[in-house]
Amino acid sequence: MNPALRRPLVAGNWKLHKTVGESTELVAALAKALPAEPTAEVVVAPVFTALSAVRDAAAGSAIAHAAQDVYWEASGAFTGEVSAPLLSDLGCSYVIVGHSERRQLFGESDEHVARKAAAVLGAGMVPIVCCGESLEQREAGETEAHVLSQVGAALAGLSEGDLAKVVIAYEPIWAIGTGRTASPDDAQQVHGAIRGLLSERFGSALADGTRILYGGSVKPGNAAELMAQPDIDGALVGGASLESDSFAAIVAAAQA
Ligand code: 13P
């Protein structure tokens, strides 16, 4: 990371885990485990049903909260969906969009991801736009082409002001929940390519200011080495964010 240009961001994606009570307990424990003013921005993304309780439990701490998904229409006959204005109403600062689990299990396309990112920005929040290749794509040498096409599609049509706010998360699918992490060099290569695309399309000032997180089996033992890479500006953490000590250790690894 380059802290002169980009404040590191460490986000915990709790996925489909934890009741309201368990979520508030985790936030309270995390608030205790963190320094009062961590170097990194710290964000947790609980399930929708725990968002307001997490907001209350995090009040007065350095912990911001995020949603894991969103629908792009603001309101209407869309049974079961949750919109960006409703998430903003709950005080969310960030929304994860285009996670590979959404793309793979729920059929989200690049177009859906772009609409979601625009809706999040339109409601005054920041999208964390996920991208990443499958093992087959990596083995076929298609990693960069695939990831860059996902990023390009997600950002197409955004204004310069909106683009400057977006956070990108590179999460190789084969590294998610598997204990298998991309090596710092391999991750850096993809992060560098993403920043290169941003620079080419939108200019170097925008590219230099955009935070690109790494996700995929980030743990206390590998976080510092990953975030020490010049183009890795933080982490999107799944499993290790479900426990306060391990997540706090990853936040601490971003201090350096
Ligand atoms: P793990 O850290 O459990 O591999 O999950 C990563 C992830 O998908 C975060 O969004």
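Each ligand, and each atom within it, is numbered from 1 in the order the structure gives.
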Which atoms of ligand 1 sit under 4.0 Å from any heavy atom of [X]?
X	result
Gly177	1 (P), 3 (O), 4 (O)
Ala175	4 (O)
Ser217	1 (P), 2 (O), 4 (O)
Gly239	1 (P), 2 (O), 3 (O)
Leu236	9 (C), 10 (O)

Inset, instruction - Starting from atom 9 (C) of ligand 1, locate the nearest protein heavy atom and write down its residue, its atom name and how far away it is, to 0.1 Å. - result: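 That would be Glu171 OE2, 2.9 Å.
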Inset, instruction - Taking only Lys NZ, Arg NE, NH1 and NH2, and the carboxylate oxygens of Asp or Glu, determine whether Arg195 and Asp208 approach each other closer than 4.0 Å. - result: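 Not counted as a salt bridge, because no side-chain N and carboxylate O are separated by less than 4.0 Å.
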Legend entry - Distance, nearest 0.5 Å, that separates NE2 of His99 from CG of Leu236: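 So the gap between those two atoms works out to 6.0 Å.
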Legend entry - Exercise: do His146 and Glu133 side chains pair donor with acceptor under 3.5 Å: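 Not at all, the side chains of His146 and Glu133 share no donor-acceptor pair under 3.5 Å.
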Legend entry - Pairs satisfying side-chain hydrogen bond (donor to acceptor under 3.5 Å, both in side chains), at least one member in residues 49-61, at least two apart: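 Every candidate side-chain hydrogen bond (donor to acceptor under 3.5 Å, both in side chains) pair involving residues 49-61 fails, so no pair, neighbours aside, qualifies.
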Legend entry - Whether Lys219 lies under 4.0 Å from ligand 1, heavy atom: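 For ligand 1, residue contact (heavy atoms, under 4.0 Å) with Lys219 is absent.
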Inset, instruction - Could you note down all residue pairs passing salt bridge (Lys or Arg N to Asp or Glu O under 4.0 Å) where residues 209-227 supplies at least one of them, sequence neighbours left out? - result: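 Non-adjacent pairs meeting salt bridge (Lys or Arg N to Asp or Glu O under 4.0 Å): Glu41-Arg211.
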